[in-house]
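As structure tokens, the structure follows; a few thoughts come after it.
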Amino acid sequence: MTQNEIREDVEKYVLHTYNRFPIAIDRGEGLYVYDAEGKKYLDFMAGIAVYALGYHFPGYDEALKAQIDKVLHTSNLYYHEPLARAAKAVVESTDLSKVFFTNSGAEAIEGALKAARKYAWLKDKGGDHEIVAMKASFHGRSVGALSVTGNEHYQEPFRPLMGGVHFAEYNNIDSVLQAVNEKTCAIILETVQGEGGVYPADPAFLAGIRSLCDERDILLILDEVQCGMGRTGKMWAYEHYGIKPDIVTCAKALGCGVPVGAFVLNEKTAAASLEAGDHGTTYGGNPFALAAVSEVFKLYEEHDLIGHVNKIAPFLAGKLDELMASKPDKIRAHRGLGLIRGLELDGSISAGEIAARALEEGLLIISAGNNVLRFVPPLIITEKEVLEAIEILDRVI
Ligand SMILES: *Cc1c(COP(=O)(O)O)cnc(C)c1O
């Protein structure tokens, strides 16, 4: 099909919940994708922080092909080797205790919320447990995940949502203290807010929340769907802060292209929350998805991907600082941790417009919120691609 034919049929038959960029992606290779007309683009959005290993990283395709030849799906009623391997890799990397695999980030959030509710219910058998979430957060589009997503625009048409949710200000511990009460069973937040504009948590804020949770036996749920899997220069962003969550959620880069998510619980939470019959999924954690997950962990280790992030991220950060310094009238701020970074633009230009212009110049990049350009490239980028992206942005901005 030609690019135009593809676009026409998609617009004709697919429910319009996305304003898509005007290209049809045909294939990827390393750090580049090609559209249906053969035009090449440098990919600095990685399928929204999914393609940590870029396209066709050596070993990845082979592992998936081998699993296709064995079995794709078994249901969760049987044991299988990819489950054993992936579970061990995920649990050991988090230093927590037990994992449940899902198909997406939103489902990982749903499971985490259910585990927190069940943990509180087992203590008092009450049905009025509440959750504290953050303003400008993003946790997904299903009803439970949407209920803890602090975005009025996303929530409004779908009320009533799940009750008992209070919103506090991110990086403001007083605001969290005000939102917490004796019914609070969990506090949920992103270790680095992604969609909300790329805001890393302040160390004192996260430490304060951890102590508050410890004092009152409230569960701390850290959503690392976007910032986890090595993106910040540690496998899990919370490792930067010297604290551990009671539950962590992940997805996006977990399968590096295969739809899969997970929530991981510490021993205390795993021992007193979801039990046989409490939660389930037909597809979640099937052999195909988990063959990808265990291969991803293996490749991260073999290629010291996190070591690479710690070398390349300061280079990208330095170049973004320079770009900001050269355009003080257009770029207001630069934030981030490792390879999740944002450039906050002056109100006079929209990040969406810049992304659309960058696309024409051969660069895939996305926004976060209205006026932040978001950088979530594959973790395997090198100085050459950083310079290529900066050169395009310098022209476009
Ligand atoms: C993308 C995202 C989600 C939702 O994941 P889906 O796979 O789109 O359901 C949840 N939390 C965070 C922080 C995300 O970035």
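It should be emphasised that the depicted structure is a prediction, and the values quoted were computed from it without experimental measurement. One-based numbering, in listed order, for ligands and for the atoms of each. We're numbering straight along the sequence, starting at 1.
- Rounded to the nearest 0.5 Å, atoms CG (N171) and CE (M134) are 9.5 Å apart.
- The N/O atoms of E195, backbone and side chain alike, include none that comes under 3.5 Å of an N/O atom in ligand 1.
- W121 does not carry K123 over the face of its six-membered ring by the limits of under 6.0 Å from the centre and within 45° of the normal.
- For ligand 1 and D223, the ligand atoms under 4.0 Å from any heavy atom of the residue are 10 (C), 11 (N), 12 (C), 13 (C).
- Close approach of ligand 1 to S104 (heavy-atom distance below 4.0 Å) involves ligand atoms 7 (O), 9 (O).
- Not a single N or O atom of E190, backbone or side chain, sits closer than 3.5 Å to an N or O atom of ligand 1.
- For ligand 1, the polar-atom distance check against G105 finds a nitrogen or oxygen pair separated by under 3.5 Å.
- Side-chain rings of Y119 and H129 stay apart, their centers remaining 6.0 Å or farther from each other.
- With a heavy-atom cut-off of 4.0 Å, A106 touches ligand 1 through backbone and side chain alike.
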Checking Y170 against F205 for the ring-ring contact (aromatic ring centres under 6.0 Å, His included) test, could you report, in this order, the C-alpha distance in whole Å, the side-chain angles of both residues, the deciding distance, and whether it holds?
CA-CA 8 Å; Y170 195 73; F205 176 67; 5.6 Å; yes
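- Between F288 and H73, a ring centre-to-centre spacing not shorter than 6.0 Å is recorded.
- At a heavy-atom distance under 4.0 Å, only side-chain atoms of K252, from C-beta outward, approach ligand 1.
- Relative to the ring axis of Y55, R27 does not place its NZ or CZ within 45° and under 6.0 Å from the centre.
- Of the protein's heavy atoms, at least one falls inside 4.0 Å of atom 5 (O) of ligand 1.
- By the 30° and 60° cut-offs, the orientation of the rings of H279 relative to F100 is tilted.
- Residue Q226 has at least one heavy-atom neighbour below 4.0 Å for each of these atoms of ligand 1: 15 (O).
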